[in-house]
K.L.:
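Attaching a single structure in structure tokens format; questions to follow.
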There are 4 protein chains.
Amino acid sequence: MSPRTSTQLQALREERSMQILRAALKVFANQGYNGSTIEMIAREAGVAKGLLYSYFESKEKLLESLITYGLEKASAFLTEPPDGPQHTKEAFAANLRKMVQLFREEQDFWRLYSMLILQPKMAEKFKADAMSFLETYMSVYGSYFQQKQSKNPMAEAMLFGAVLDGLMFDLILSPDEYPLEEVLDMIIEKFA
Amino acid sequence: MSPRTSTQLQALREERSMQILRAALKVFANQGYNGSTIEMIAREAGVAKGLLYSYFESKEKLLESLITYGLEKASAFLTEPPDGPQHTKEAFAANLRKMVQLFREEQDFWRLYSMLILQPKMAEKFKADAMSFLETYMSVYGSYFQQKQSKNPMAEAMLFGAVLDGLMFDLILSPDEYPLEEVLDMIIEKFA
Amino acid sequence: MSPRTSTQLQALREERSMQILRAALKVFANQGYNGSTIEMIAREAGVAKGLLYSYFESKEKLLESLITYGLEKASAFLTEPPDGPQHTKEAFAANLRKMVQLFREEQDFWRLYSMLILQPKMAEKFKADAMSFLETYMSVYGSYFQQKQSKNPMAEAMLFGAVLDGLMFDLILSPDEYPLEEVLDMIIEKFA
Amino acid sequence: MSPRTSTQLQALREERSMQILRAALKVFANQGYNGSTIEMIAREAGVAKGLLYSYFESKEKLLESLITYGLEKASAFLTEPPDGPQHTKEAFAANLRKMVQLFREEQDFWRLYSMLILQPKMAEKFKADAMSFLETYMSVYGSYFQQKQSKNPMAEAMLFGAVLDGLMFDLILSPDEYPLEEVLDMIIEKFA
DNA sequence: TATGAATGAGATTTCATTCAT
DNA sequence: AATGAATGAAATCTCATTCAT
């Protein structure tokens, strides 16, 4: 057999790396960072313990990569240019559903992320990434409430943020029974 | 000297027990359950490691006691009979502020509780207590939305729940800068 | 009330001391020395942990007292002057039964003693006491086999010692079902 | 370099496992189960503490493995088919010497085993293994005494068992000075 | 690159002993 | 004398990380 080209090797590394990240996300989200062991992650990824260390320096760095990667992906998702006119009720509704979809596709990530930022010690590590994501989020959503004749656009924007966070939280706790559609309609009715 | 009476002893144990629970709450809330050590808790409580085991069977049981105690306290708080007429805008506002006060007084507890229920493995342990608290919460808030001429009382109640959860979440993340009063007014405007 | 006389106090101490020794024997015999805790012994004796230390310097000293006391009692039992003529078959049988009775009355003690001398580290502690007891035992039994026309009195004495030890061992293991009488008859038939 | 093959791995684990069992036997036999520490065993085996837990779940399970393994080995030894005719005086003598050899080769094991079955709590754990060994032992020795014109074959068998147990006990206590040959001759004279 | 045995620091837990009451 | 809360050294056990193969 001919030796693999460096491009093939690169692709292989990339794939293995993702495999490990996926496994780590699943395990961290279910057991918490400190409750997870390298052993669990390796088993979930279907590789040997030692191999993790050829892809990630340490358990801590693995977590950091995971969060950075997840937030970047989410930012990219958020900043995909929307099609059609903005600032209409329809655009608001479409954006809202997009947010929910973003969350549903990456539930484990958001669960893990929520757990982490609730711990001051952990939160610190991700302050930079979190701030950067928050800015994206704000630039996407902030302007909307400035267009409406709200008595207090700033407060309404904060409240809407709380609605999204609370919705996410409640969806994590009961993903199956939650009456999502009806609640979304109610949000649109109250905020759009 | 003569030994302490059993009354003295009981009071001593009660006091120590609370002292340890307070310390554990602080440490668990800041480091997470798995990131906390018995050593940290003992140091925070100002007692020797070994003493914790004379009051609580294990680290795990200590956590369980903490959560059970906290939820019971919160339930008691919620069910204190309100004064004045109910189902008015004013009563709604008063209740809302009471909820926020409850949360602010026990921020560490709610932070810890939130972290825990995000982890399936942990959540299971507290299912019974959590359900019992949820029922109290629902019986207090559920009826309100049945009185209003809401198109969908059920969805509105769920949404209001998400608002409370999201507000709590955001208050944990930035307790000092949060424009709480303005957001509360906005909530009252939209939901009362 | 008049203060207790020093004689009364003395008697009280004596009684308490015995109470603790009895408890310690029971616990040590059932859990082994290292598997027993001061707490267990105190509970069994019906007194507080701290009190043990006003009667015995340490757990180790308590064990030593126990063994010394037990061996002394056994020596005293052995050297009680037998009534009637010695060196007859009947005397042999009587002595044998007396040995068995001695053992049965203090089963826990012999169980503990056996456990201890099987461990070199423990055995050392009791070497002096054990030797002293062995001498008593030998002086009582040694002469018997010198009277009989045994090919090898010394070996027969050793073998008889093994019989007694093995009998004790087997009686510990199945105290209820053991066909003691039949085995004793067999011993008498073979050795008397 | 390439990783070890699973055959190599298995051999390695087998070897290490035996190494740890040997070390554990030595330490347990000398200090007693509760008087032994994992540290002592690891040091004796020449490996790190943590490694023991990769081979045995817990200290307790290590003990259980040790006993099970030892009794199985002894059973195998006992049931090796004897050569030559049975039920003769010579066969009896040969068997007796075989028993003694079995014991001498595994003195530490029998010392440990004796210590353990004297403690009810420990004995329970090994009841199954102990019974199974006892049956083997009985099937090997039981038949002998049914052949002889003994007044009471059952009692004689029990007594012979006690002789073996007592001999073992006494050999543990003074392995070097014991006049084994003379005592064995005496046993053969009395029982064969 | 890939494996999993091996390490040892550090976590949880136990318990003999002390001591204030 | 008697109590049992409190201590802390030492035990058991865990797990991130290293390393020989």
Side-chain angles (χ1 to χ4, degrees), chain A residues 4 9 12-13 16 34-43 47-62, chain B residues 1-6 8-10 12-13 15-17 34-42 46-60 62, chain C residues 4 9 12-13 16 34-43 46-62, chain D residues 1-6 8-10 12-13 15-16 34-42 46-60 62:
Chain A
R4 275 178 275 234
L9 278 175
L12 202 65
R13 266 196 87 77
R16 269 269 194 276
N34 282 303
S36 303
T37 71
I38 290 290
E39 178 72 43
M40 289 174 191
I41 298 171
R43 189 161 41 237
V47 299
K49 244 183 327 177
L51 193 60
L52 298 212
Y53 287 86
S54 96
Y55 288 86
F56 301 91
E57 235 177 74
S58 66
K59 189 186 173 189
E60 195 178 345
K61 282 276 172 26
L62 172 55
Chain B
M1 257 177 273
S2 25
R4 278 174 274 229
T5 65
S6 83
Q8 283 174 312
L9 240 23
Q10 199 170 345
L12 180 61
R13 283 191 78 81
E15 169 56 31
R16 274 277 181 284
S17 186
N34 282 302
S36 303
T37 72
I38 288 290
E39 179 70 44
M40 289 175 193
I41 298 172
V47 300
K49 251 183 318 170
L51 191 61
L52 298 214
Y53 290 88
S54 145
Y55 287 85
F56 301 92
E57 247 179 62
S58 64
K59 189 186 171 189
E60 195 177 345
L62 172 55
Chain C
R4 274 178 275 234
L9 278 174
L12 203 65
R13 268 196 84 78
R16 269 269 195 274
N34 282 302
S36 302
T37 71
I38 290 290
E39 178 72 42
M40 290 174 191
I41 298 171
R43 191 162 37 241
V47 299
K49 243 184 323 177
L51 192 60
L52 298 212
Y53 287 86
S54 97
Y55 288 86
F56 301 92
E57 236 177 76
S58 64
K59 188 185 174 191
E60 196 178 346
K61 282 277 170 27
L62 172 55
Chain D
M1 254 177 275
S2 22
R4 277 173 275 229
T5 65
S6 82
Q8 282 175 313
L9 240 24
Q10 200 170 343
L12 180 60
R13 285 192 76 82
E15 169 56 32
R16 274 279 181 281
N34 282 302
S36 303
T37 73
I38 289 292
E39 180 69 45
M40 288 174 192
I41 298 172
V47 298
K49 251 183 319 170
L51 192 60
L52 298 213
Y53 290 89
S54 144
Y55 287 84
F56 301 92
E57 248 178 61
S58 63
K59 190 187 171 189
E60 194 177 345
L62 171 55

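Predicted, not measured: the structure shown is a model, and the values here were computed from it. First the proteins, then the strands, lettered A, B, ... as listed; each starts at 1.
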K.L.:
Could you tell me whether the phosphate oxygens of F:dG4, OP1 or OP2, come under 4.0 Å of any side-chain nitrogen or oxygen in B:Arg13?
P.N.:
no
K.L.:
In terms of the nearest nucleotide of DNA chain F, which residue is placed more toward the 5' end: D:Asn34 or C:Gly50?
P.N.:
C:Gly50
K.L.:
What verdict does the side-chain contact (heavy atoms from CB on, under 4.5 Å) test give for C:Thr37 and C:Met40, after you've listed the backbone C-alpha separation in whole Å, the side-chain angles of each residue and the deciding distance to 0.1 Å?
P.N.:
CA-CA 5 Å; C:Thr37 71; C:Met40 290 174 191; 3.3 Å; yes
K.L.:
Counting just side-chain N and O atoms, does D:Arg4 come under 4.0 Å of either OP1 or OP2 of E:dA5?
P.N.:
no
K.L.:
Given that C:Glu57 and B:Ser36 both sit by DNA chain E, which one's nearest nucleotide is further toward the 5' end?
P.N.:
B:Ser36
K.L.:
Does CD belonging to B:Gln10 count more than 12 external heavy atoms closer than 6.0 Å?
P.N.:
no
K.L.:
Please give, in whole Å, the distance from E:dA5 P to D:Phe56 CZ?
P.N.:
14 Å
K.L.:
How long is the gap from NZ on A:Lys59 to CG on A:Asn34, to the nearest 0.5 Å?
P.N.:
5.5 Å
K.L.:
Using whole Å, what does the distance between atom C1' of nucleotide E:dA9 and atom NZ of D:Lys49 come to?
P.N.:
8 Å
K.L.:
OP1 or OP2 of E:dA2 versus the side-chain N and O atoms of A:Tyr55: is any pair under 4.0 Å?
P.N.:
yes
K.L.:
Of the candidate nucleotides F:dT17, E:dA6, E:dT18, which contains the atom at the shortest distance from the side chain of C:Tyr53?
P.N.:
E:dT18
K.L.:
Identify, between C:Val47 and A:Ile38, the residue whose nearest nucleotide on DNA chain F lies closer to the 5' end.
P.N.:
C:Val47
K.L.:
E:dA6 P sits how many Å from D:Glu15 CD, rounded?
P.N.:
10 Å
K.L.:
Over all strands shown, is D:Thr5 touching base, sugar-phosphate only, or nothing at heavy-atom distances under 4.0 angstrom?
P.N.:
nothing
K.L.:
Counting the atoms with a prime plus P, OP1 and OP2 as sugar-phosphate, which does A:Arg43 contact under 4.0 Å by heavy atoms, base, sugar-phosphate, or nothing?
P.N.:
nothing
K.L.:
Once you round to the nearest 0.5 Å, how far does CZ of D:Arg4 lie from CD of D:Gln8?
P.N.:
7.5 Å
K.L.:
Is it true that atom CD of B:Glu39 has more than 12 heavy atoms of other residues, nucleotides or ligands lying nearer than 6.0 Å?
P.N.:
yes
K.L.:
A:Leu12 CG to E:dT1 P: how many Å, rounded?
P.N.:
10 Å
K.L.:
Give a yes/no on whether any side-chain N or O of A:Lys59 is located under 4.0 angstrom from OP1 or OP2 of F:dA16.
P.N.:
yes
K.L.:
Rounded to the nearest Å, what distance is computed from the CD1 atom of residue B:Ile41 to the P atom of nucleotide E:dT12?
P.N.:
8 Å
K.L.:
More 5' along DNA chain E: B:Glu39 or D:Leu51, using each one's nearest nucleotide?
P.N.:
D:Leu51
K.L.:
What is the pairing partner of E:dA20, taking Watson-Crick or G-U wobble pairs with both distances under 3.5 Å in any strand?
P.N.:
F:dT3
K.L.:
What's the closest nucleotide to the side chain of A:Thr37 if the choices are F:dC15, F:dG4, E:dG8?
P.N.:
F:dC15
K.L.:
Check each of A:Ile38, A:Leu62, A:Ile41 against A:Phe56 using the side-chain contact (heavy atoms from CB on, under 4.5 Å) test, and report the only one that passes.
P.N.:
A:Leu62
K.L.:
Kindly point out which of F:dA5, E:dG8, E:dT1 is positioned nearest to the side chain of B:Leu9?
P.N.:
F:dA5
K.L.:
Could you state the atom-to-atom distance from CE of B:Met40 to P of E:dA11 in whole Å?
P.N.:
7 Å
K.L.:
Look at all strands and tell whether B:Leu52 reaches a base, only sugar-phosphate, or nothing, counting heavy atoms closer than 4.0 Å.
P.N.:
nothing
